[in-house]
2 protein chains.
Amino acid sequence: MPKIGMEPMRRKALIDATISAIGERGSLDVTMSEIAGRAGVSSALAHHYFGAKDELLFATMRHILAELNTDTRRAFGLAVTPRQRVSAVVAVSFSDDQFQPQIIAAWLAFYVEAQKSSDLRRLLRIYARRLHSNLMSGLTGILPWAEADRVAEATAALIDGLYIRRALKDGVPDAQTAIALVEDYLETKLNGRSLP
Amino acid sequence: MPKIGMEPMRRKALIDATISAIGERGSLDVTMSEIAGRAGVSSALAHHYFGAKDELLFATMRHILAELNTDTRRAFGLAVTPRQRVSAVVAVSFSDDQFQPQIIAAWLAFYVEAQKSSDLRRLLRIYARRLHSNLMSGLTGILPWAEADRVAEATAALIDGLYIRRALKDGVPDAQTAIALVEDYLETKLNGRSLP
DNA sequence: TATTTTTTATTGACGCGTCAATCAATAAAA
DNA sequence: TTTTATTGATTGACGCGTCAATAAAAAATA
């Protein structure tokens, strides 16, 4: 019973299914049939809408990045001081929407895949640059540029590191501990420089 | 022209070939034939010595971990003060032997694979615990336990994060910058608490 | 010492399963 | 009747793991 205008719904369902499949398997080694099955359609339909598997994976990563960006913009709207902007970036990174097993597994898996695919690599570079830039937008209001750049670099690495360690389910357990660690770093780093 | 006592040589050659293959492809998606070819033998021989592919990969990760541990022990031998022990851990993590594209790619790929394989997960947990313990062996001589634990956690995350970002070849370029970032964090963290 | 037997090393060929991608066919809307 | 939606069946490639076969060293036996 084919109705008209199914495409956007199917695309979204397939992308959601991809995320959940990756989250469960823990890697991109998921079959098109598996994904299609979760979306309630045949594998042929997945190919119909996305072409090759690469494109579905690419669209999925792009979707994750877009959601992260949306969340960050929203959080920026509520932040007024530079310090709050920095905290907003951290908070979004470890929010319930982002810091969940499925998304974490996807990030990790896509990092690996980016080694092969230049398209994905470009996408992840955009994320890295955007994260850095978002952090800088707050830090430059507190520290001189060179130092702000350093702190941004370290904070970004810290966030990524906490993600990867979360994937192991060892060490950092929950989002609150992760946020506390990053904020603690920022606090000592930002307070320390205002005294002497 | 089969000589006796080939096993240890072949095993080492195959593990080395595995690392270089993973490093080049950037993932564990390397065929047994590819690996065997690099080691100068047939794929059948690789199976003869290691059984399934999983076991070869496992042996490879174990080898990487063992080398990291050896390097760390050696560095600890030269460290006398607690502060030097901490720096030793950092230095080894970013030493020329460890912080090279091949090894970094392998770490990343194995992190992903650990999601599927409980054996690999156990191995990586050992690494995480050992890293934490090595850091603590120095930090507990400087900070009270609870704080040392936190700093160890953050430092470990920082190291892992710098590894993952290095894989993207964006952000942190060389080992020296990475070391500087971690040391800078440690410096502010350790000096800050000794004053009040 | 000469021989036979066993063990170790090694590979080419192949079967079997898996999976991405295609295609022809069906059916309902426009 | 043209377009959109949908799938079952099929194909073709690829890769893991096995196996029988070969050959040389080592051990055992005569």
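Predicted, not measured: the structure shown is a model, and the values here were computed from it. A note on names: the letters A, B, ... follow the listed sequences, proteins ahead of strands, and every chain is numbered from 1.
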Pairing of A/Arg83 and A/Glu187 as salt bridge, 4.0 angstrom limit
yes
Could you tell me how far apart B/Leu14 (CG) and C/dT10 (P) are, to the nearest whole angstrom?
10 Å
How long is the line joining CG of B/Leu57 and C1' of D/dC16, in whole Å?
12 Å
Once you round it to whole Å, what is the distance between C1' of C/dG12 and CG of B/Leu45?
13 Å
Ring-ring centroid check A/Phe58 A/Phe50, cutoff 6.0 Å:
no
With sequence neighbours excluded, tell me which residues meet side chain to side chain donor-acceptor pair (under 3.5 Å) with A/Arg38.
A/Ser20, A/Glu24, A/Glu34
Would you kindly say whether B/Asp149 and B/His132 are connected by a side-chain donor-acceptor distance under 3.5 Å?
yes
Whole-Å distance separating the CZ atom of A/Arg11 from the C1' atom of D/dA5:
14 Å
Just to be sure I follow the notation: if a pair is Watson-Crick (purine N1 to pyrimidine N3 plus N6-O4 or O6-N4) or a G-U wobble (N1-O2 and O6-N3), each under 3.5 Å, what dot-bracket string does DNA chain C give, with | for pairs to another strand?
||||||||||||||||||||||||||||||
Length of the line joining B/Arg25:CZ and D/dG15:C1', which is rounded to integer Å
13 Å
Atom CE of A/Met6 and atom P of C/dA30: how far apart are they, to the nearest Å?
11 Å
A/Ile4 CD1 to D/dA5 P: how many Å, rounded?
5 Å
Polar atoms only, N or O, under 3.5 Å: list the protein pairs with nucleotides 17-23 of chain C and their distances.
| from | atom 1 | to | atom 2 | distance (Å) |
| --- | --- | --- | --- | --- |
| C/dA20 | OP1 | A/Lys53 | NZ | 3.1 |
| C/dA20 | OP2 | A/Met32 | N | 3.0 |
| C/dA21 | OP2 | A/His47 | NE2 | 3.3 |
| C/dA21 | OP2 | A/Lys53 | N | 2.8 |

What residues join A/Leu78 in its hydrophobic cluster, counting side-chain heavy atom gaps under 4.5 Å, either direct or through other members?
none
Joint cluster assignment, B/Leu14 & B/Ile19, ILVMFWY side-chain distance < 4.5 Å
yes
Under the side chain to side chain donor-acceptor pair (under 3.5 Å) rule, collect the residues that match up with A/Arg25, sequence neighbours excluded.
none
With a 6.0 Å cut-off on the ring centroids, do A/Trp107 and A/Tyr127 count as close?
yes
Phosphate OP1/OP2 of D/dT6: any A/Arg10 side-chain N/O under 4.0 Å
yes
When we call it a touch if two heavy atoms are under 4.0 Å apart, what does A/Tyr49 touch: a base, just sugar-phosphate, or nothing?
sugar-phosphate
Nonpolar side-chain network containing B/Val80, other nodes, edges under 4.5 Å
none
